[in-house]
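So that the names make sense, note that chain A is the first sequence line, chain B the second, and so on, each numbered from 1. None of the values given here were measured: they were computed from a predicted structure.
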Amino acid sequence: MPVDAAAGVRQMTFGQKKDQVMRFRRHLGIAFGAVVWLLLTAAPRNAFAVPQYARRYHLKCYACHTIPPVLNEQGYMFQRLGHHLPASLDPNSEIERIIDLVRKEPEWRLTNNASMAVSDFNFSAQRSTVQGQAPSSTSAIQVGSWNAYFGGWIPNTQFFYYSEFDIVTNGQTNPNMPNAHIGYVGGNAKSSWYATVGREHLQVTDGTRAAEVYSLLPSAPLIFENQGPTNFVLDQSPVAAEAGYTWASSRYRDIFGVNVKVTNGDHADGSEILTSDSSKNSKDVWADADWWYAPESGISFVTYQGQKNQIQNSGLANQFTYYGRIRREGAFANYMIGRDKVDVLAGYLHGNDDWEDPVTGAPGSYLSNGYFAEINYYILRGFALAGRYDRLRQDVTSGIHPTNLEQWQTGVEKALTPEGNIVGRLAVGNFHGIDPVAFTYSANRTYEADIQFNF
Amino acid sequence: MKQHWFLSSLALAALAVVSVFAAQAAPPWHHGAAKSTLNVSTYPPNIQHGFRVFAGKCSECHALSLSLNVSRSEAGWTQEVRRMQDMASSHIDDREAGEIAKFLAYYDTHQPDEQNGADSAAGVPSGRDLFDKLSCSACHSIAGAGNTSFPLDGIGSRRTASELKKQILSPVAGSAMPATTASQTEIDSLISYLVTLKSR
């Protein structure tokens, strides 16, 4: 009865230290009020600058995003055409070749290729409960993230490049470069292909809307971010070689895309191959297929297959290593209804990994089934309400099984400039569940307010 | 704990100041919030309605001034709006497209004088000046001015904006015409001028 047990633990732990909770709530109220005021009054009329691509074409962020950083269909095409604006696909006019798109590009300028400050200031307050420990409350106001991007095309050629330099991540100053790749795009506006090599995200924005790691809510679906007991997580950036093909029908009624990536993976223990010893073989393959079947609505299928060394009981006398297989298969879909006002999204990801018991060394498996359902309601352009429910059911051989992790989040997001490059957000989230290996129950409630600057 | 909240408020205030300052300077293409300066109250009711559809739909991906600062014939606008309709992530249906094209064509022929040639607001010379500046006149003429071996009179009736763009950016291989080195904004300005040259 894992669910009942969990409820019991929650009751016990949340009942303690009432007055501390009250004080916490009052402070929370003040901070929330301050941030709401900020969002309502600081809304500037014109932004001073926008990131590189918008700057390049004098476009607003909405040309390619529903609300940054969530990409729309045009943003998806822009990416797949090697950072060139998709041409209008009028059935009566000639189809432009990629080189025509390249020739139409404005002059190459540094300012049209670099975006210096994509940063997020946030206030967050969290109350967490872990089984066997006193509940704790924390709050912080911080620069949540600060990234710089350099992306564009090599003038008069069909080569493009993209790199991301992260200065601050999750409030920690930790400079690193999760993305740095170069690619070539061929074909024409209707039927194109590309190939890239370099360091790139395994998953981010490869796919239709529901398969994007980016969301209107502060955290991505559990199934992208959660690390299974084999230390594998979809949201990682290995070194890869990738190729993809895209076909669009007239007027973009349908778009089909396929992608295959071969990566060197990350080590099973989570460390990166580039920065640590690479004697372990961690090659893996990612493939996905996307179909946008109506403006802004689509479906994506993904599969990931890899095999890597997994160290158990690291550093202990009974340390052992096995070479386990990791598999993920998923389907993601979204549908926009009500004249592009309401977006209904859902995703499913199945995991099936080899697993060896850390105590007995007995072979077994780690099975997982993750789901999410999300609704985004775009009240006005650049102003949306969002809510999501996530559930991850995990089943490890020899564990108490199955166990569940659950999360819900709800929030409101509003662009504060006409271009859409400054975005404010308020969100509340709740997470609880049982760790499938340690069997501990934990819960936390998060309040978040952030303001994101894109320059 | 107290000190912590004091610091938080300070940081919030700093944030507010930063965002307000960030708002001060307007980008060059954002000159004159077109919507507020445009007075359509004297326009016929159906055109006023067309303006509202235009203001809602055509501001999604770029500023309205991008459309208001170029000049097209009614057929030219129908085609331009159609092109916008045929872009990915465009949400304009045929009825709206018709209303928008009507409004833009009406606006083009009824705008007050000082709004004519608004391109110069962005620092780009007018299309006619560019015809000379970019040495097109070395081989072509307009209304008899320039080299009359290849007159471009009436070119707006023979060629669409995108055909012109193609010709200027990548002339037919082996022809005498050189590919231009002009900037994107200059080319756009030149083309919006060329499309107005209708045959009589």
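For B:Ser59 and A:Arg381, the side-chain atoms include at least one donor-acceptor pair closer than 3.5 Å.
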side-chain contact (heavy atoms from CB on, under 4.5 Å) for B:Lys165 and A:Arg103? Distances and angles first, verdict last.
CA-CA 10 Å; B:Lys165 199 164 204 169; A:Arg103 290 216 180 102; over 6 Å; no
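Around CZ of B:Phe150, the count of heavy atoms belonging to other residues, nucleotides or ligands within 6.0 Å does not exceed 12. At most 12 non-hydrogen atoms from other residues, nucleotides or ligands lie less than 6.0 angstrom from CH2 of A:Trp146. When the shell of 6.0 Å around NZ of B:Lys57 is examined, it contains more than 12 heavy atoms from other residues, nucleotides or ligands. No more than 12 heavy atoms of other residues, nucleotides or ligands lie within 6.0 Å of CG in A:Asn156, so this atom counts as exposed by the packing criterion. A:Phe256 CZ: more than 12 foreign heavy atoms inside a 6.0 Å radius.
Note on A:Asn72, A:Ile255, A:Asp100: by heavy-atom pairs under 4.5 Å with chain B, the leading option is A:Asn72. Among A:Gln74, A:Arg253, A:Arg251, the residue with the largest count of heavy-atom pairs under 4.5 Å with chain B is A:Arg251. Of the listed residues B:Lys166, B:Glu163, B:His91, the one with more heavy-atom pairs under 4.5 angstrom with chain A than any other is B:His91. Interface check for chain B: of the options A:Met77, A:Glu107, A:Lys104, the most heavy-atom pairs under 4.5 Å are formed by A:Lys104. Your options are A:Glu94, A:Glu296, A:Glu105, A:Gln142, and the one with the most heavy-atom pairs under 4.5 Å with chain B is A:Glu296.
Atoms OG and NE2, from B:Ser65 and A:His58 in turn, are 10.0 Å apart once rounded to the nearest 0.5 Å.
Neither the backbone nor the side chain of A:Glu96 has a heavy atom closer than 4.5 Å to any heavy atom of chain B.
Residues A:Glu73 and B:Ser89 come closest through the heavy atom pair N-OG, 3.1 Å.
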